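A short write-up of the structure that comes next.
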Amino acid sequence: MVLDTQLLRKEQTRQASKIILHDELPPLKLIGGADVGFEQQGAITRAVVAVLSWPQLELVEYQIARIPTQLPYIPGLLSFREVPGLMAAWEKIQNKPELVLVDGQGIAHPRRFGVACHFGLQANIATIGVAKSRLCGDAVELSEEPESVQPLMAGENQLGWVLRSKKRCKPLYVSPGHKVGFSSSLEWVKQCLKGYRLPEPTRFADGIASNRTFFKRMNEKIS
DNA sequence: GCGACAG
DNA sequence: ATCTTGTCGC
């Protein structure tokens with residue numbers, strides 16, 4: 001497999017200019033979560049899109065797509081590895097949500113084009129990036145208090161937020177993906193918090209993508 | 001040149 | 001990300 005990383009980075013910079021950083025959300029009825037897991041030592045990508053009701057946040061539908069993994073993991077180029085599978089799962093979704101929380105960065109990315117941006121642009125849907133660790137940017141030390149927030153900065157420019165979603169847990173890195181602004185990104189994520197570190201849409205997608213038994217059992221509950 | 005580095 | 005048991009702390 002030949003891989004021109006220079007070209008992929010250039011492509012990200014080009015696509016990043018198409019990202020819309022203000023709210024273009026219709027009234028919300030459904031909210032989605034997207035994540036991927038792997039099988040067979042990474043050879044197979046298992047992508048999941050979960051759809052929850054709003055504001056009840058109950059699982060309505062989920063779809064899984066299994067495809068051969070296209071690329072290795074390269075920091076900064078994650079979206080090229082994950083978006084093909086996510087798009088396949090997205091196309092199977094019957095109840096399309098108006099907003100999707102994607103596992104990974106939005107614009108908090110070296111070229112302002114994380115996986116949430118890539119997926120949002122390709123699916124033409126509003127997205128927010130919810131990452132479990134930092135890729136780039138800086139923030140002042142975060143208070144231990146739950147719900148405490150600090151802006152994630154790149155010099156004078158804001159990239160997103162660092163959010164303490166739960167006591168004694170590592171913070172979340174929240175950033176706009178597509179068709180949402182900074183403040184609403186933070187608000188949507190906070191409103192999806194239900195006592196766990198991850199917001200519900202991401203938590204379900206993550207649980208299903210990782211084959212956790214609890215989430216696998218949801219199978220019969222909705223079908 | 002060196003360190004950092006989503007999943 | 002994934003492979004994995006017990007274990008420490010609330």
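Order of the sequence lines sets the chain letters (A, B, ...), proteins ahead of strands, with each chain counted from 1. The figures here come from the full heavy-atom set of this structure, side chains too, leaving out hydrogens, waters and symmetry mates. Everything numeric here is computed off the predicted structure, so don't read it as measured data.
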Determine the contact category for [X]: base if any of its heavy atoms lies under 4.0 Å from a base atom, sugar-phosphate if only primed atoms, P, OP1 or OP2 are that close, otherwise nothing.
X         : result
Leu77(A)  : base
Gln41(A)  : nothing
Gly129(A) : nothing
Gly114(A) : base

Pairing string, 5' to 3', for DNA chain B - Watson-Crick or wobble contacts under 3.5 Å, brackets [ ] where pairs cross, | to another strand: .......

Distance in angstrom units between [X] [atom1] and [N] [atom2], rounded:
X         : N      : atom1 : atom2 : result
Asp35(A)  : dT2(C) : CG    : C1'   : 13 Å
Arg111(A) : dA6(B) : CZ    : P     : 13 Å
Leu71(A)  : dA6(B) : CG    : P     : 16 Å
Phe119(A) : dA6(B) : CZ    : P     : 21 Å
Gln105(A) : dC5(B) : CD    : P     : 11 Å
Phe80(A)  : dG7(B) : CZ    : P     : 18 Å
His118(A) : dA6(B) : NE2   : C1'   : 15 Å
Arg46(A)  : dG7(B) : CZ    : C1'   : 14 Å

Heavy atoms from other residues, nucleotides or ligands near CD of Gln56(A) exceed 12 (cutoff 6.0 Å):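 Count over threshold, so yes.
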
Within the structure, does a side-chain N or O atom of [X] lie under 4.0 Å from either OP1 or OP2 of [N]?
X         : N      : answer
Arg134(A) : dC5(B) : yes
Ser133(A) : dG7(B) : yes
Lys132(A) : dA1(C) : yes

Qualifying side-chain hydrogen bond (donor to acceptor under 3.5 Å, both in side chains) pairs, either residue in residues 98-117 of chain A, two or more places apart: Gln12(A)-Arg111(A), Asp103(A)-Lys132(A)

Per-nucleotide pairing state of DNA chain C [Watson-Crick or G-U, under 3.5 Å; [ ] pseudoknot-crossing; | other strand]: ..........

Distance-only donor-acceptor check, side chains Asn95(A) and Lys29(A), under 3.5 Å: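 Not at all, the side chains of Asn95(A) and Lys29(A) share no donor-acceptor pair under 3.5 Å.
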
Aromatic ring proximity Trp161(A)/Tyr173(A), centre distance under 6.0 Å: no

Residue among Val174(A), Leu152(A), Leu159(A), Ile107(A) satisfying side chain to side chain contact (heavy atoms under 4.5 Å, CB included) with Phe182(A): Ile107(A)

Charged N-O contact under 4.0 Å between Glu39(A) and Arg46(A): yes

Whether Tyr73(A) stacks on the six-membered ring of dG7(B) base, 5.5 Å and 30° limits: yes

DNA chain C: 5'-proximal contact among Phe38(A) and Arg168(A) (nearest heavy atom):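 Comparing both residues, the 5'-ward one is Phe38(A).
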
Any donor-acceptor N/O pair, Arg81(A) side chain to Gln70(A) backbone, under 3.5 Å: no

Geometric class of the Phe113(A)/His118(A) ring pair [parallel <30°, tilted 30-60°, perpendicular >60°]: tilted

